[in-house]
Engineer: 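Mind looking over this structure? Questions follow.
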Amino acid sequence: MLKIATWNVNSIKVRTPNLIEWLKEAAPDVVCLQELKCLEDAFPFGPIEDLGYNIAVHGQKTYNGVAILSKYRLDDVTEGLPGDDSDEQSRYLEAVLTVNGTLFRIATIYLPNGNPVDSDKFAYKLAWMDRLVAHAKTLLAYEEPLVLAGDYNVIPTADDVHDPAAWAGDALFRPETRARFHKLMNIGLTDAFRACHTESHRYTFWDYQAGAWQKDHGIRIDHLLLSPQAADRLLACDIDKVVRGREKPSDHVPVWATFEA
DNA sequence: ATGCCGGGCGAAGCCCGA
């Protein structure tokens, strides 16, 4: 069994104690991290390696930054989303690992937020999503177990937000954003959470402000998208909501899936 | 609430996130 998780930690520096606590109790084999907000030099390798993880980091100072933690050796590590050599934001990292003879390809994704929608940030988000669709097509052609895990900054449907009307104009829920997410799904990816759960209003993010956590005003924006070969092996998927109620929490919580391996 | 909280940077106040 292989357990793969994704978590936007909102600064690895301040979140290291939360991460270590959760790694010990959840015992994931692979973790895709986002929003490190640091360069590789400042990444806290020591306490994480002490728990038995190999680590690949694609860092950036102050903003973005992604990493993959793995109990299995990481091979063929590639940094950055293909398709635009001028893109300097650290939002994508891909690697492969082998579990009992089965290769798994894993990517950690920090998809751009895109707000405000009347700025070039929204255009950057949509262009980034187009590049992700193109790259995912390439990866799907390998016909491997593939897990694209991360903070997509996309609310897939009205069932994934506490107040759809309030989010109607937001870059996370705009028709242009959701159209591209549908395009990504329709090339043949499976939302691991939705494959395991039909209930509405299950969230992965709660804003720090306005008592969003206390009122359960959340959104589901952290996703594990699976190739058919990964979906065939899917055993379970869930959200570790309890982490949001701890001391100095990230505004996102971990989402995990388990696979036959 | 057009960022209410929280983090980075850097040492006050702005930028950013979703």
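By convention in this document, chain letters (A, B, ...) are assigned in the order of the sequence lines, proteins followed by strands, and residues within each chain are numbered from 1.
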Engineer: For Y110(A) and for Y208(A), locate the closest nucleotide of DNA chain B by heavy-atom distance; then report the residue assigned to the nucleotide nearer the 5' terminus.
Structural biologist: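 Result of the comparison: Y208(A).
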Engineer: Picking from dG7(B), dG3(B), dC9(B), which would you name as closest to the side chain of D207(A)?
Structural biologist: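 Of the options given, the side chain of D207(A) lies nearest dG3(B).
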Engineer: In whole Å, what separates the C1' atom of dA12(B) from that of dG7(B)?
Structural biologist: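 That atom pair is separated by 16 Å.
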Engineer: Would you indicate which nucleotide in dG8(B), dC4(B), dG17(B) comes nearest to any side-chain atom of V14(A)?
Structural biologist: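 The answer is dG8(B), which lies nearest to the side chain.
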Engineer: Select from R15(A) and Y63(A) the residue whose nearest nucleotide in DNA chain B is closer to the 5' end of that strand.
Structural biologist: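 The 5'-side residue here is R15(A).
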Engineer: Using the C1' atom in both, what is the distance from dG17(B) to dT2(B), to the nearest Å?
Structural biologist: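 Here dG17(B) and dT2(B) have their C1' atoms 15 Å from each other.
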Engineer: At under 4.0 Å between heavy atoms, what does N115(A) touch on the DNA or RNA strands: base, sugar-phosphate, or nothing?
Structural biologist: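 Base, at least one base atom sits under 4.0 Å.
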Engineer: When we call it a touch if two heavy atoms are under 4.0 Å apart, what does K125(A) touch: a base, just sugar-phosphate, or nothing?
Structural biologist: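 Counting heavy atoms under 4.0 Å across all strands, no contact is made by K125(A).
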Engineer: Check every strand shown and say whether D151(A) touches a base, only sugar-phosphate, or nothing at a heavy-atom separation below 4.0 Å.
Structural biologist: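 Sugar-phosphate contact only.
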Engineer: Atom CG of D170(A) and atom P of dT2(B): how far apart are they, to the nearest Å?
Structural biologist: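 These atoms are roughly 12 Å apart.
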Engineer: Taking everything shown except E25(A) itself, do over 12 heavy atoms lie less than 6.0 Å from its CD?
Structural biologist: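 Enclosed.
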Engineer: Could you tell me the separation between the CZ atom of F122(A) and the P atom of dG17(B), rounded to a whole number of Å?
Structural biologist: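 Whole-Å distance recorded here is 14 Å.
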Engineer: Taking the C1' atom in each of dG10(B) and dC15(B), what is the distance between them to the nearest angstrom?
Structural biologist: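 These two C1' atoms come out 13 Å apart once rounded.
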Engineer: Taking the P atom in each of dG13(B) and dC4(B), what is the distance between them to the nearest angstrom?
Structural biologist: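 My reading of the P atoms in dG13(B) and dC4(B) gives 16 Å.
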Engineer: Rounded to the Å, how far apart are N10(A) CG and dG6(B) P?
Structural biologist: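 Distance, rounded to whole Å: 11 Å.
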Engineer: When all nucleic acid strands are considered with a 4.0 Å heavy-atom cut-off, which category describes D222(A): base, sugar-phosphate, or nothing?
Structural biologist: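 Touches nothing.
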Engineer: Please report, rounded to the nearest Å, how far the P atom of dG7(B) is from the CD atom of E247(A).
Structural biologist: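 Atom-to-atom, E247(A) to dG7(B), this comes out as 11 Å.
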Engineer: Under the 6.0 Å and 45° cation-pi test, does K37(A) pair with Y63(A)?
Structural biologist: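 Output no; distance or angle outside limits.
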Engineer: Nearest whole Å is fine: how far is dG7(B) C1' from L19(A) CG?
Structural biologist: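 It is 17 Å, rounded to the nearest whole Å.
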Engineer: I need the CH2-C1' distance between W206(A) and dG6(B), as an integer number of Å.
Structural biologist: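 Between C1' of dG6(B) and CH2 of W206(A): 17 Å.
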Engineer: Going by atom types alone, do E144(A) and S227(A) pair a side-chain donor with an acceptor below 3.5 Å?
Structural biologist: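 No, no side-chain donor-acceptor contact under 3.5 Å.
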Engineer: I want to verify a distance call: between dC4(B), dC16(B), dC9(B), whose nearest atom is closest to the K121(A) side chain?
Structural biologist: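 Among dC4(B), dC16(B), dC9(B), the one nearest the side chain of K121(A) is dC16(B).
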Engineer: Which of these, L103(A), D29(A), I106(A), sits in a side-chain contact (heavy atoms from CB on, under 4.5 Å) with L97(A)?
Structural biologist: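 Output: one option passes, namely I106(A).
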Engineer: Would you check, one step at a time, whether the test salt bridge (charged side-chain N to carboxylate O under 4.0 Å, His left out) holds for K183(A) with D130(A)?
Structural biologist: CA-CA 9 Å; K183(A) 203 169 178 183; D130(A) 289 338; 5.1 Å; no
Engineer: Calculate the interatomic distance between I12(A) atom CD1 and dG17(B) atom P; express it in whole Å.
Structural biologist: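 Atom-to-atom, I12(A) to dG17(B), this comes out as 19 Å.
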Engineer: With no hydrogens and no angle check, do the side chains of N100(A) and T102(A) hold a donor and an acceptor under 3.5 Å apart?
Structural biologist: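 No - no donor-acceptor pair under 3.5 Å links their side chains.
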Engineer: For nucleotides dG3(B) and dC16(B), find the distance between their P atoms and express it as a whole number of Å.
Structural biologist: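 The same atom, P, in both gives a distance of 13 Å.
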Engineer: Starting from P on dG8(B), measure out to CG on D41(A) and report it in whole angstrom.
Structural biologist: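 So the CG-P distance, D41(A) to dG8(B), works out to 17 Å.
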Engineer: Could you tell me whether the phosphate oxygens of dG8(B), OP1 or OP2, come under 4.0 Å of any side-chain nitrogen or oxygen in K13(A)?
Structural biologist: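 No, because none of the side-chain N or O atoms of K13(A) sits under 4.0 Å from OP1 or OP2 of dG8(B).
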Engineer: NA contact type, H217(A), heavy-atom cut-off 4.0 Å: base, sugar-phosphate, or nothing?
Structural biologist: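 Nothing, no nucleic acid heavy atom in range.
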Engineer: Tell me which nucleotide among dG7(B), dC5(B), dG17(B) gets nearest to the side chain of K37(A).
Structural biologist: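 So the side chain of K37(A) is nearest to dG7(B).
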